[in-house]
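So the structure is just underneath, and the comments pick up after that.
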Amino acid sequence: MMSDQPYVLALDQGTTSSRSILFDHQARVVAMAQREFTQHYPRAGWVEHDATEIWATQRATLTEVLAKTGVRPEQISGIGITNQRETTVVWNKHTGLPIHHAIVWQCRRTAPLCEQLKTQGLVQEIKTRTGLVPDAYFSATKIRWLLDNVPGAREQAEAGDLLFGTMDTWLVWKLTEGRVHVTDYTNASRTMLFNINTLEWDPLLLKALNIPASLLPEVKSSCAVYGQANLGVEVPIAGIAGDQQAALFGQLCFHKGMVKNTYGTGCFMLMNTGQKKVESRHGLLSTLAVGADGGVNYALEGSVFMGGAVIQWLRDELGLIGHSADSEACARQVNDTNGVYLVPAFTGLGAPYWDPYARGTLVGLTRGANRHHIVRAALEAIAFQSRDLLDAMQQDAGLRLAALKVDGGAAANDFLMQFQADITHSRVVRPKLLETTALGAAFLAGLATGLWKDTDELAQCVAVDREFGPNMDSQHRERHYRGWQKAVTRAQHWAEPS
Ligand SMILES: Nc1ncnc2c1ncn2[C@@H]1O[C@H](COP(=O)(O)OP(=O)(O)O)[C@@H](O)[C@H]1O
Ligand SMILES: O=P(O)(O)OC[C@H](O)CO
């Protein structure tokens with residue numbers, strides 16, 4: 001079989017773009033295609049995507065990759081799907097049409113509903129059952145909002161006519177032409193409706209949020225055949241994982257204590273904690289991940305909402321740079337930030353602060369501050385937020401990390417990576433292939449279909465590009481970090497709860 005089907009196709013459905021990447025048996029990228037799609041901001045703090053446009057862009061990239069390479073669908077052993085997590089779409093199962101735009105993970109519209117959950121005394125129940133904190137970030141309150149606000153939705157849901165999905169579920173539904181309604185454990189664990197102890201949808205939370213169970217997909221392992229995609233011939237969909245868990249797998253963090261940090265739109269640091277769920281005492285989440293055998297492992301996660309997105313903001317809203325990559329040269333024009341700190345709390349602060357009312361703040365400005373200082377402060381902010389996560393993680397796990405594995409688009413920035421090593425006093429290890437999210441999905445699908453036989457074989461496919469060693473004296477490091485912490489206090493609790 002291997003010689004006839006030497007390829008695996010990863011569909012990476014991200015927050016700002018849909019990508020398809022074709023890998024060969026050595027996990028080399030044969031071809032890649034990418035399409036951006038529209039970000040809708042109907043009100044301050046609200047973010048939506050059109051799921052129909054997402055499907056169109058994803059399908060177009062798939063077609064493009066095959067056309068570019070001349071690879072035929074029958075040569076593909078399997079499809080792996082990885083996706084922006086939590087983003088919620090609800091559709092009618094008869095027409096296949098979404099009832100509303102998808103509500104994106106970044107969207108803050110359900111913050112008041114989360115306040116209600118807190119006053120109902122559900123904080124501890126949510127934490128124990130789902131590993132999460134009541135925050136607008138997760139899918140549960142987004143589903144509830146759709147049922148309460150889209151005319152007729154509640155009645156249709158009660159009648160069993162509606163289906164819910166995160167983007168993995170939506171893509172599988174489309175690829176199988178409405179035959180399969182499924183998700184995997186990692187995506188389910190981000191909904192705030194899934195019990196990560198029993199590995200089942202949680203009846204108490206469904207009741208508390210008034211969400212009919214008939215909306216929910218079947219939950220399966222991340223490494224399994226879910227159904228056949230119709231690409232002219234049938235190709236098995238054989239791997240699904242939320243993008244951060246896929247990156248953890250793609251970075252070969254199958255075992256307890258291994259950590260990766262992804263610098264994409266947001267920053268997401270995950271530590272595999274093996275078969276044991278670790279409950280954080282420092283504002284991190286417990287979530288599901290994928291173990292070496294493709295089965296369920298637990299992870300600690302720190303989620304930062306604004307990572308590379310702050311660089312896009314410098315580019316698109318402030319016009320300080322022409323391209324994201326220009327941020328590096330711009331930051332290197334100056335030796336420091338001249339006392340400037342930027343806290344990019346544009347959609348509140350995620351871990352470890354969980355403050356939906358925090359807002360972006362630029363502090364420490366003096367007459368000498370220029371655009372180079374601000375750009376440098378933005379890059380440093382990405383690393384400071386990651387240090388917040390790493391400190392919390394090391395305290396929760398009771399260990400000191402020797403090395404941080406990094407990936408994602410902004411990990412290409414050498415200035416950022418060096419500053420990350422300096423400010424965390426850790427080695428930072430960057431792989432040759434930064435697309436570890438897609439790689440993780442490809443690995444899962446390749447394992448499920450027998451393209452690769454085990455994780456030892458996967459390890460042969462991954463190579464290090466560069467390591468960054470810490471090079472900042474400890475006094476300077478801690479003084480600078482204290483400056484960041486002070487700046488964070490200025491950003492917190494800024495917006496008025498509505
Ligand atoms: N060289 C760079 N320096 C800093 N940021 C970068 C660089 N290249 C890309 N980025 C940022 O990384 C993000 C894109 O990374 P990517 O992993 O593709 O994100 P996502 O999967 O979340 O869409 C963008 O926010 C972009 O601004
Ligand atoms: O699409 P990304 O890479 O920004 O990832 C989004 C995360 O999955 C949100 O939890």
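Every heavy atom of this structure was used, including side-chain atoms; hydrogens, water molecules and symmetry mates were not.
- No donor-acceptor distance shorter than 3.5 angstrom exists from the side chain of D407 to the backbone of E435, with no hydrogens or angles considered.
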| message | Determine whether Y226 and T176 satisfy the following criterion, side-chain contact (heavy atoms from CB on, under 4.5 Å), listing intermediate values before the conclusion. | response | CA-CA 10 Å; Y226 309 92; T176 62; over 6 Å; no

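- Considering only heavy atoms from C-beta on, V47 comes within 4.5 Å of Y41 through its side chain.
- Between the side chain of E53 and the backbone N or O of T38 there is at least one donor-acceptor pair closer than 3.5 Å.
- Here the CE atom belonging to M269 is positioned 9.5 Å from the OG1 atom belonging to T262, to the nearest 0.5 angstrom.
- The backbone N or O of S280 sits less than 3.5 Å from a side-chain atom of K127, completing a donor-acceptor pair.
- Aromatic pair F254/F249: centroids less than 6.0 angstrom apart.
- Between I143 and L209 the shortest side-chain heavy-atom distance does not fall below 4.5 Å.
- Each of T287, T183, D184 was compared with S189 under the side chain to side chain donor-acceptor pair (under 3.5 Å) criterion, and only T287 meets it.
- Closest approach of Q420 and S386 over heavy atoms only: OE1-CB, 3.2 Å.
- Within the 4.5 Å cutoff, side-chain heavy atoms of V259 are placed close to those of L404.
- A salt bridge links E279 to K277: one of the charged nitrogens lies within less than 4.0 Å of a carboxylate oxygen.
- In this structure, H49 and M167 have side chains that are not in contact, with every pair of non-hydrogen atoms separated by 4.5 Å or more.
- Interatomic distance, L9 CG to I76 CD1, rounded to the nearest 0.5 Å: 5.0 Å.
- For the residue pair Y353/D388, the side-chain donor-acceptor check at 3.5 Å is satisfied.
- Defined by atom type and a distance below 3.5 Å, a donor-acceptor pair is missing between the side-chain atoms of H40 and D50.
- Checked by atom type and distance alone, the side chain of N83 never pairs as donor or acceptor with a backbone atom of T169 at under 3.5 Å.
- Between F305 and Y137, the ring-plane angle classifies as perpendicular under the 30° and 60° cut-offs.
- Relative orientation of the F194 and Y185 rings is tilted, given thresholds of 30° and 60° on the angle between their planes.
- Residue L62 holds its CG atom at 12.5 Å from CD1 of I21, rounded to the nearest 0.5 Å.
- One distance of note links CD of Q156 with CG of N92; it measures 5.5 Å at 0.5 Å rounding.
- For the pair Q13 and D168, the minimum side-chain heavy-atom distance is 4.5 Å or more.
- Rounded to the nearest 0.5 angstrom, M192 CE and L117 CG are separated by 5.0 Å.
- Contact check on K207 versus E125 returns no salt bridge, with no Lys/Arg side-chain nitrogen under 4.0 Å from an Asp/Glu carboxylate oxygen.
- Taking 4.5 Å as the limit, some side-chain heavy atom of L458 sits within range of a side-chain heavy atom of L252.
- There is no side-chain donor-acceptor pair under 3.5 Å between T436 and Q251.
- Side chains of L451 and F23 form no contact here, defined as non-hydrogen atoms less than 4.5 Å apart.
- Using modelled atom types, one finds a donor on one side chain and an acceptor on the other under 3.5 Å when comparing Q244 with K260.
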| message | Does V343 form a side-chain contact (heavy atoms from CB on, under 4.5 Å) with W494? I'd like the steps, not just the answer. | response | CA-CA 12 Å; V343 184; W494 180 261; over 6 Å; no

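- With a 4.5 Å cut-off on side-chain heavy atoms, V235 and V233 count as touching.
- Distance alone, capped at 3.5 Å, places no donor-acceptor pair between the Q395 side chain and the R281 backbone.
- Looking at T88, its side chain does come within 3.5 Å of a backbone N or O of E86 through a donor-acceptor pair.
- Pairing each heavy atom of G239 with each of L444, the nearest pair is CA-CB, 4.1 Å.
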| request: Would you sort out whether S222 and Q245 count as a side chain to side chain donor-acceptor pair (under 3.5 Å), showing the intermediate values? | output: CA-CA 10 Å; S222 299; Q245 285 89 342; over 6 Å; no

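- For R108, the salt bridge (charged side-chain N to carboxylate O under 4.0 Å, His left out) partners are D135, not counting sequence neighbours.
- Remark: side-chain polar atoms of R359 are not paired, donor with acceptor, to backbone N or O of A495 under 3.5 angstrom.
- In this structure, the ring of W105 has its center less than 6.0 angstrom from the ring center of F268.
- Side-chain atoms of K118 do not come within 3.5 Å of backbone N or O of V123 as any donor-acceptor pair.
- For the residue pair Q492 / D355, no side-chain donor-acceptor distance below 3.5 Å is found, with atom types taken as modelled.
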| query | Where do T87 and W170 land on the side-chain contact (heavy atoms from CB on, under 4.5 Å) test, with the steps shown first? | reply | CA-CA 11 Å; T87 297; W170 172 243; over 6 Å; no

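- Every residue meeting the side-chain contact (heavy atoms from CB on, under 4.5 Å) condition with H100, not counting sequence neighbours, appears here in chain and number order: E48, R109, W145, L146, V150.
- Remark: Q228 CD to I79 CD1 distance equals 9.0 Å, nearest 0.5 Å.
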| Chi angles and distances behind the side-chain contact (heavy atoms from CB on, under 4.5 Å) call for V219, L199 | CA-CA 9 Å; V219 189; L199 302 182; over 6 Å; no

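- The 12-atom threshold is exceeded at CH2 of W46, counting heavy atoms of other residues, nucleotides or ligands nearer than 6.0 Å.
- Judged purely by atom type and a 3.5 angstrom limit, S286 uses its side chain to pair as donor or acceptor with the backbone of V278.
- Taking the centre and axis of the six-membered ring of Y341, the NZ or CZ atom of R490 falls outside the cone set by 45° and 6.0 Å.
- In the model, T82 has no side-chain atom that pairs as donor or acceptor with a side-chain atom of D12 under 3.5 Å.
- Of the possible donor and acceptor atoms, none in the side chain of W201 sits under 3.5 Å from a partner among the backbone N and O of L206.
- Among all heavy-atom pairs drawn from W173 and K93, the shortest one is CZ2-O, 3.8 Å.
- Annotation: side-chain contact (heavy atoms from CB on, under 4.5 Å) contacts of V310 (sequence neighbours excluded): W313, L342, P344, F346, A378, I382.
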